[in-house]
Number of protein chains: 2
Amino acid sequence: MTTSMQRDTRQRRAIRRAFERAARPLSPDEVLEQARRLVPSLGRATVYRNVKSLQVEGWLSEVDIPGGGLRYELAERPPHHYFLCRVCKQAFDVPGCPECVETLGPPGFEAEGHEVTLHGRCADCV
Amino acid sequence: MTTSMQRDTRQRRAIRRAFERAARPLSPDEVLEQARRLVPSLGRATVYRNVKSLQVEGWLSEVDIPGGGLRYELAERPPHHYFLCRVCKQAFDVPGCPECVETLGPPGFEAEGHEVTLHGRCADCV
DNA sequence: ATATGTGCAAACTCTTTGCATGGAG
DNA sequence: CTCCATGCAAAGAGTTTGCACATAT
């Protein structure tokens with residue numbers, strides 16, 4: 001079981017760098033592609049392991065976008081939602097959060113959180 | 001390529017029955033379990049093929065719930081959203097749809113639709 | 001020096017596809 | 001009787017894990 005990841009390796013630095021440079025949530029493949037520019041020999045499993053451990057440390061948060069698979073982004077950001085482009089398949093941040101949402105739950109259900117995802121075409125794909 | 005499915009088989013009837021009886025979106029495994037009560041020999045691939053073709057016919061619609069994988073439900077229902085219970089992993093319908101949501105998109109982005117998912121504990125798991 | 005992280009390959013989960021057989025029409 | 005749909009098993013996508021070797025400390 002891998003949860004600690006205390007050592008500062010080239011691979012781990014390259015993965016962190018990818019997120020610091022990205023303005024949007026990244027999929028594991030996007031992280032691999034970006035980080036391989038710095039460490040070409042980087043393996044897929046290392047990306048998965050580091051993304052998982054950076055999550056446990058609270059540095060990354062997981063974003064599950066309907067129809068878009070898993071993504072990750074810096075955890076420090078204020079609560080917000082996502083826009084998935086159906087043309088280029090990239091995910092973007094949407095600032096703000098409609099307060100009204102959690103009151104929708106059926107009676108007797110206890111809502112602890114919510115996700116809102118828009119989909120359509122991004123500014124570059126319109 | 002399977003898209004037509006014009007014959008009325010025992011398997012297909014059992015799969016339709018499962019959805020007609022369900023009050024909530026069903027995962028492929030839930031469909032298999034329900035439909036096997038009527039046709040024990042039913043195979044997984046048949047569920048996937050029929051669910052796909054019932055979708056193409058417009059009888060089912062696909063529901064992709066963050067953290068909950070793919071589900072399907074009768075297409076006839078009015079637009080609504082979902083509640084995923086983190087304890088029993090079942091998905092439930094949430095009536096209504098906050099109008100405010102699609103205006104959130106960044107400028108230049110064209111939103112064509114949206115999903116809203118609540119998560120927490122359902123009435124049975126509170 | 002030594003324990004931890006990496007890279008590869010195999011295992012796993014979920015879904016799709018190829019093919020011979022069973023059954024709807 | 002003729003094709004189409006089924007069931008099985010193998011193949012794919014995405015993710016996780018076991019193990020020997022490399023390397024940060």
Side-chain angles (χ1 to χ4, degrees), chain A residues 1-18 25-57 59-73 84 89-91, chain B residues 1-18 25-57 59-73 84 89-91:
Chain A
M1 211 87 327
T2 305
T3 39
S4 41
M5 293 291 204
Q6 57 239 203
R7 290 185 185 178
D8 185 32
T9 62
R10 286 179 312 135
Q11 291 86 341
R12 188 175 179 77
R13 276 194 296 275
I15 290 166
R16 274 204 254 100
R17 187 70 60 91
L26 300 178
S27 67
D29 265 11
E30 288 172 335
V31 176
L32 184 66
E33 186 195 326
Q34 294 303 316
R36 272 190 173 161
R37 294 183 184 177
L38 300 174
V39 182
S41 65
L42 182 64
R44 250 192 181 69
T46 299
V47 169
Y48 280 102
R49 278 186 286 232
N50 274 284
V51 157
K52 198 64 77 181
S53 86
L54 288 166
Q55 238 188 111
V56 170
E57 289 173 26
W59 197 80
L60 284 181
S61 61
E62 191 175 86
V63 175
D64 188 356
I65 295 177
L70 287 176
R71 318 264 171 153
Y72 301 87
E73 70 178 352
L84 179 66
K89 307 298 183 192
Q90 290 188 329
Chain B
M1 213 86 324
T2 304
T3 39
S4 39
M5 293 287 202
Q6 56 238 204
R7 291 186 184 177
D8 186 32
T9 62
R10 286 181 311 136
Q11 292 85 341
R12 189 175 178 77
R13 277 194 296 275
I15 289 166
R16 273 203 255 98
R17 187 72 58 92
L26 299 179
S27 66
D29 264 11
E30 287 172 335
V31 176
L32 185 66
E33 185 194 326
Q34 295 302 317
R36 272 191 174 162
R37 295 183 183 178
L38 300 173
V39 183
S41 65
L42 181 64
R44 250 191 182 69
T46 299
V47 170
Y48 280 103
R49 279 186 285 234
N50 275 284
V51 156
K52 200 63 79 183
S53 85
L54 288 167
Q55 236 188 114
V56 170
E57 289 172 25
W59 196 81
L60 283 181
S61 61
E62 191 176 87
V63 176
D64 189 355
I65 295 177
L70 287 177
R71 317 265 170 153
Y72 301 87
E73 69 177 351
L84 180 66
K89 308 295 184 194
Q90 290 189 328

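Bear in mind the structure is a predicted one, so any value in this text is a computation, not a measurement. Lettering of chains follows the sequences in order, A, B, ..., and the numbering in each one begins at 1.
Heavy-atom minimum distance, B:L42 versus B:A35: CD2-CB, 3.4 Å. What you find for B:I65 and B:A91 is that their closest heavy atoms are CD1-CB, 3.4 Å. Closest non-hydrogen pair, A:R71 versus A:S27, comes out as CD-N, 3.8 Å.
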### Message
Determine whether B:K52 and B:R49 satisfy the following criterion, side chain to side chain contact (heavy atoms under 4.5 Å, CB included), listing intermediate values before the conclusion.
### Response
CA-CA 5 Å; B:K52 200 63 79 183; B:R49 279 186 285 234; 5.8 Å; no

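Straight-line distance from the CG atom of B:D8 to the P atom of D:dA5: 11 Å, rounded to whole Å. Between the P atom of D:dT16 and the CG atom of A:N50 lies a distance of 13 Å, rounded to the nearest Å. The CG atom of A:L54 sits 13 Å away from the C1' atom of C:dG5 (whole-angstrom rounding).
For C:dA24, neither phosphate oxygen OP1 nor OP2 lies less than 4.0 angstrom from any side-chain nitrogen or oxygen of B:Q6. The phosphate of D:dT6 (OP1 or OP2) has a side-chain N or O of B:T9 nearer than 4.0 angstrom.
Taking CZ of B:R12 as the start and CG of B:L54 as the end, the distance is 4.5 Å to the nearest 0.5 Å. Taking CH2 of B:W59 as the start and OH of B:Y72 as the end, the distance is 14.0 Å to the nearest 0.5 Å.
Side chain of B:R44 to backbone of B:L32: no donor-acceptor contact under 3.5 angstrom is found.
Looking only at side-chain heavy atoms (C-beta outward), B:D8 and B:R13 come within less than 4.5 Å of each other. In this structure the side chain of B:T46 never reaches within 4.5 angstrom of the side chain of B:T9, judged on heavy atoms.
More than 12 heavy atoms of other residues, nucleotides or ligands shown are found within 6.0 angstrom of CZ on A:R36.
Picking from C:dG5, D:dC19, D:dT25 the nucleotide with the shortest atom distance to the side chain of A:R49 gives D:dC19. The nucleotide whose nearest atom lies closest to any side-chain atom of A:M5 is, among C:dG7, C:dG5, D:dG7, C:dG5.
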Might you list the N or O atoms of the protein lying below 3.5 Å from N or O atoms in nucleotides 20-23 of chain C, with each pair's distance?
residue, atom, partner, partner atom, Å
C:dG23, N2, B:R7, NH1, 2.5

Considering only nitrogen or oxygen atoms on both sides, find all protein atoms under 3.5 Å from nucleotides 13-15 of chain D and state each distance.
residue, atom, partner, partner atom, Å
D:dT15, OP2, A:Y48, OH, 2.4
D:dT15, O5', A:Y48, OH, 3.2

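At a threshold of 4.0 Å, the pair B:E57-B:R16 does not count as salt-bridged, since none of the basic side-chain nitrogens sits closer than that to a carboxylate oxygen.
One cannot find a donor-acceptor pair under 3.5 Å joining the base of C:dG5 and the side-chain atoms of A:R13.
Within residues 30-42 of chain A, the residues that have a heavy atom under 4.0 Å from DNA chain C are, in order of number, A:S41, A:L42.
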